[in-house]
There are 2 protein chains.
Amino acid sequence: MAAERKGGVTISQVAKEAGVARSSVSRAYTRPDMLSPETVERIKAAAGRLGYVPNHTARALSTGRYGNLALIVPDVANPFFPPMIRAAQVEADRSDFCVFLGNSDEDPEKEDQLLGRFSGQVEGIILASPRLSDERIAAHALLRPLVLINRDVKGIPKVLIDSGTGIAEATQHLADFGHRNIVYVSGPSTSWSNKQRRAAVRQASKKLGLDLSFVSASVPSFEAGLQAVDAILAKGATAAIAFDDVTAQGILAGLGERGVSVPGEFSVVGCDDALGPLTVPSLTTVSSRSIEAGKLAVSLLLEVLGSQAVRDASYVLETHLIVRSTTGPAPERGQG
Amino acid sequence: MAAERKGGVTISQVAKEAGVARSSVSRAYTRPDMLSPETVERIKAAAGRLGYVPNHTARALSTGRYGNLALIVPDVANPFFPPMIRAAQVEADRSDFCVFLGNSDEDPEKEDQLLGRFSGQVEGIILASPRLSDERIAAHALLRPLVLINRDVKGIPKVLIDSGTGIAEATQHLADFGHRNIVYVSGPSTSWSNKQRRAAVRQASKKLGLDLSFVSASVPSFEAGLQAVDAILAKGATAAIAFDDVTAQGILAGLGERGVSVPGEFSVVGCDDALGPLTVPSLTTVSSRSIEAGKLAVSLLLEVLGSQAVRDASYVLETHLIVRSTTGPAPERGQG
DNA sequence: CTATGCTGTGCAACCGGTTGCATGTCAACC
DNA sequence: GGTTGACATGCAACCGGTTGCACAGCATAG
C-alpha cells in the first residue's frame, strides 16, 4: 500500500513495478487487446498494488479529448436555468463527461472571458441564452464545437425553445377573455427569447385587433417586475404578458401592493413555467421545455464531437399556454 | 487574424512570430518582471495578432495547479442551491478558478462516482449537503482538499448553516400564537440539516411544552409535501414546520386542495428562504444564508490551498425567523 | 584592465500520459 | 528450411506549457 505518495502514482512507477515499458502500461488501460492477457494482468496487478489512477489531465493533453464540456448561463439563480442545468448535467454524466458551469451575470464581457477560460480544457461548449454579439459567438465557434440554446446564429448548431407559439396562445387567451388593451413587459434587449416573444405578442395582437403597449424591465427579476407596475397601469391595460415568470411574480406583488386584484381586475401571464404550480394564485404561463433543451443540447454537442461533420443542426421545441389562476375575464369598464 | 487555425494557437507559434524562445513567451504571462518591458510588449502584441490563449490543461500538467474546483450538490434544481452555486461561482471567478458542477441526485453512490471523476482535475472540492457516509467523505478528504457545507465531519473544514436558531425562533413564534400541537415534516434522513432541524424543533417544543409529532417526506419536493398533508392533519396539529420551503409549498397546496385556509385554520413555516417573498401568501420561513455559505466555502477552500496547513476550520452561520403571511393565531377549538 | 554582479534571454528537461513505427519472436506456409 | 506475416512489446517523439540553469552583455567596483 504505497498510496501515501504525495503526488499520485504515475505510469513510470507502474512500469518499473511490472517490469514493462511505459507504453505497455498505457495500453493496458486504453487498448488491452494489443497486449497479451498475461501482461495486462501483470500490469493491472502492479497498478493495484501501487494505487495507480490514470491522470485525466495528462491524458487530455496528449489526446485532445478532455472529457469535459462547459455550460454557460446568464444567471444560475434564475429559476429558468436550474432544471436545464440539471438535465444537461445528467445527460453529460451518461457519457462520462464532466460539466463546467459558468455564470455570466447577464454580462457579455464576462461571457467572453468565461468562454476563453474554459476553452482550453473542454471539448465543447453550450451557451444558453447568450448575451454576446453574433460576431463573438461565431468567432468562438471556430475554435471549439459550440451549441447554442435560445439563440440563432447562422451555421451554429442550436436548440431553440419557440415561445412564440405559446405567447400567441396566451394573447388569444386574453382576447377570448375580452381584454382589449394589453402590455408586454419585455426582458433583456440582447435576449433572443425576448425578441421572439415581443414579435409574437405584437403579431398576435395585430391579428386580434388588440391595443398593445410595451414596458421594459431590462433585467428579468422580481424587483424589475415590481417597478414596472406603475408604468403598466399607466397604459390603461387590463392584462400583461411578462417576459418571464420571475418578472411576472414581481408584477403580481406590485399589483397586490396597490390593491389591484388578480385575476378580478387584472390578468397576468408569465413565461417559462419556471415556478410550476408552486405559487398561489398559481401563475398562468407558457411552458418552457427547458429540461428537454438542456438534455438535447448536450446530446447534440456530443454528436457533433463524435462525427467531425459540424452539421448546422437546429432543434425547435414548441411551447404552449398553461392556464392557471392569474388570468380571467376583463373587468367591466368603458373602453372607448 | 490567423485565429482560424483549428487546434488553437500555441506558445511555439507565438515565439516564432515574436522572434523569441518559447520560454520567454511563457514568462511574458507568468513572470513578466523577469523580462524587459519591450520584450513583454512585443510578445503580447504577437500573441494578440495570433489570438493566443494559454492552454489551461498544459499549464496544469506541468505546475500541478489546476485552477479548477468542483462543487457537488444533491439537486441543482432545488431552489436552495442555485443562489449558493452562483455565489461560489462568482467567488471562484475572482481568483480565476473554474468550477465543475456535479449533481448527485440525492444518491450517495453517484456522489462517490462524481468525487472520483473530478478528483484528477481539480485542486479542491466542495461538498454541499452530502448524502455520503462520514467514512467515505474522510477517505476522499485524504486525497484532495475538501470543504463541506452543511455537514459536520471531524477534521474537515466546513461551513455550517445553523438553522437550529431559526427553527427555535419559529417554534417560539408558533407557541406565542397559541399553537399547542405542531408537526415537523422531516427531510432526507442522511441530511445533516434535517437532523439539526429536527433536534432543534424537538428541544424547543419540549421547553415550551408543545405537543410535537413527526411526518416524513424523505425527499424534499413539492410532491412530497403535497402527499404529507393527510398525515399531518391526522395528527390533529394546527401548525407545521417543514424541512424546507419547497416541501412547505407542497403542504400549502395540499391544504388548499382540502379547503383548509392558511393562516386562518392552519399555520405553516418553511425553512431556507429559498423562494423569498415571491409567493402569495408569502411564506413564513427561516433565513438560509446560502449565498454567504457558498462564498465562504470557496474562500475557505482557496485558503486551505494557499497554506498547506489544513486547518480544521468551521464557520457557523446563524439563522433567524422571517415572519411573513403563512402563520397566525391558532384556531379556536378544544384542545384537551 | 580584470574581477564581480546584475539583468535578460535561451536551452533543454520535465509534467504524465499516448501513439506511430521499429524490432524481435515464433508459427505457418510453400 | 528459408520466407512471410501476425503478434507482443519497446523506443522515442509529441501534446503545450513551466522552470532550473547556463550564458552573454554590460555596468560597476577594485
Side-chain angles (χ1 to χ4, degrees), chain A residues 3 5-44 46-47 50-68 116-123 143-144, chain B residues 5-44 46-47 50-68 96 98 119-123:
Chain A
R5 263 171 247 290
K6 269 268 157 97
V9 182
T10 74
I11 52 170
S12 301
Q13 295 170 31
V14 176
K16 195 197 285 181
E17 173 83 11
V20 298
R22 298 192 315 139
S23 47
S24 294
V25 178
S26 173
R27 287 195 260 258
Y29 286 87
T30 55
R31 318 259 313 258
D33 52 297
M34 280 184 69
L35 265 42
S36 76
E38 310 88 64
T39 308
V40 172
E41 175 73 15
R42 193 150 42 93
I43 291 173
K44 295 248 167 164
L50 297 175
Y52 169 73
V53 178
N55 182 320
H56 200 112
T57 303
R59 194 199 306 261
L61 181 58
S62 61
T63 60
R65 293 192 305 276
Y66 294 85
N68 296 330
R117 182 170 311 157
F118 288 142
S119 79
Q121 42 187 346
V122 301
E123 288 181 56
L143 299 174
R144 300 260 150 222
Chain B
R5 261 170 249 292
K6 266 267 154 98
V9 182
T10 75
I11 179 181
S12 302
Q13 296 170 31
V14 176
K16 197 197 283 180
E17 172 82 11
V20 298
R22 299 191 314 138
S23 46
S24 293
V25 178
S26 173
R27 287 195 260 258
Y29 286 87
T30 55
R31 320 260 312 258
D33 52 298
M34 281 184 69
L35 266 41
S36 76
E38 310 88 64
T39 308
V40 173
E41 175 72 17
R42 193 149 43 92
I43 292 173
K44 295 247 166 163
L50 298 175
Y52 168 73
V53 179
N55 182 317
H56 205 112
T57 303
R59 195 201 306 260
L61 182 57
S62 62
T63 60
R65 293 192 305 274
Y66 293 85
N68 295 331
D96 282 336
C98 296
S119 79
Q121 42 188 346
V122 301
E123 288 181 56

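Residue numbers start from 1 in every chain, and the chains themselves are labelled A, B, ... in the order their sequence lines are given, proteins ahead of strands.
Taking atom CD of Glu38(B) as the reference point, atom P of dG8(C) lies 9 Å away to the nearest angstrom. In this structure, His56(B) atom NE2 and dG17(D) atom P are separated by 12 Å, rounded to whole Å. At whole-Å resolution of the value, CZ in Arg42(A) and P in dT9(D) are 7 Å apart. Whole-Å rounding puts the Leu61(A) CG to dC15(D) C1' distance at 4 Å. Per the geometry, CG belonging to Asp33(A) stands 9 Å off P belonging to dA8(D), to the nearest Å. dC14(C) atom P lies 18 Å from atom CD1 of Ile11(B), rounded to whole Å. Nucleotide dA6(D) holds its P atom 19 Å from the CG atom of Leu35(A), rounded to whole Å. Atom CD of Gln13(A) and atom C1' of dG17(C) are 13 Å apart (whole Å).
Distance check, rounded to the nearest 0.5 Å: CG of Asn55(A) to CG of Leu61(B) gives 6.5 Å. To the nearest 0.5 Å, atom CZ of residue Phe118(A) and atom CZ of residue Arg144(A) are 13.0 Å apart.
Axis angle between the ends of the helix from dC1(C)-dG30(D) to dC30(C)-dG1(D), five pairs each and rounded to 10 degrees, works out to 60°.
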### Summary
B/S/- along nucleotides 20-25 of chain C (protein heavy atoms under 4.0 Å) is B-----

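Looking at His56(A), its side chain does come within 3.5 Å of a backbone N or O of Tyr66(A) through a donor-acceptor pair.
Of the candidate nucleotides dT9(C), dG10(C), dT18(D), dT18(D) has the atom lying nearest to any side-chain atom of Thr63(B). The side chain of Asn55(B) lies closest to dG16(D), out of dG16(C), dG16(D), dC11(D). Closest to the side chain of Ala58(A), out of dG10(D), dT9(D), dG17(C), is dG17(C). Side-chain proximity of Ser36(A) to the nucleotides dA8(D), dG17(D), dT19(C) is greatest for dA8(D).
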Side chains of residues 17-26 of chain A: which donor-acceptor partners sit under 3.5 Å, not counting sequence neighbours?
unit_1	atom_1	unit_2	atom_2	d
Glu17(A)	OE2	Arg49(A)	NH1	2.3

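Legend: residues meeting side-chain hydrogen bond (donor to acceptor under 3.5 Å, both in side chains) with Thr39(B), ordered by chain and number and at least two apart, are Ser36(B). With sequence neighbours excluded, no residue forms a side-chain hydrogen bond (donor to acceptor under 3.5 Å, both in side chains) with Asp33(B).
Mapped onto DNA chain C by nearest heavy atom, Pro37(B) and Pro54(A) fall at different nucleotides, with Pro37(B) at the one closer to the 5' end.
Geometric assessment of Lys44(A) against the ring of Tyr52(A) yields a negative cation-pi assignment under the 6.0 Å and 45° thresholds.
Residue Thr30(B) is classed as a sugar-phosphate contact, given heavy-atom separations below 4.0 Å to backbone atoms only. At the heavy-atom level, Tyr29(B) lies nowhere under 4.0 Å from the strands shown. Val20(B) comes within 4.0 angstrom of sugar-phosphate atoms only, judged by non-hydrogen atoms across all strands, and of no base.
A pairwise comparison of heavy atoms in Ala60(B) and Thr57(A) identifies CB-CG2, 4.1 Å as the closest pair.
Dashed line: the shortest gap from a side-chain N or O of Ser26(A) to OP1 or OP2 of dG16(C) is not under 4.0 Å. Checking the phosphate oxygens (OP1, OP2) of dG17(C), no side-chain nitrogen or oxygen of Tyr66(A) falls inside 4.0 Å. Between Thr39(B) and the phosphate of dT9(C), there is a side-chain N or O to OP1/OP2 separation shorter than 4.0 Å. Under 4.0 angstrom from either OP1 or OP2 of dG10(D) there lies at least one side-chain N or O belonging to Ser24(A).
Applying the salt bridge (Lys or Arg N to Asp or Glu O under 4.0 Å) rule to pairs touching residues 55-66 of chain A yields nothing, sequence neighbours excluded.
Ile43(A) is listed as a side-chain neighbour of Val14(A), based on a closest heavy-atom distance under 4.5 Å.
Contact of Arg22(A) with dG17(C) (side chain to base): a donor-acceptor pair of N or O atoms is detected under 3.5 Å.
Side-chain contact annotation: Asn68(A) with Gln121(B), donor-acceptor N/O pair under 3.5 Å present.
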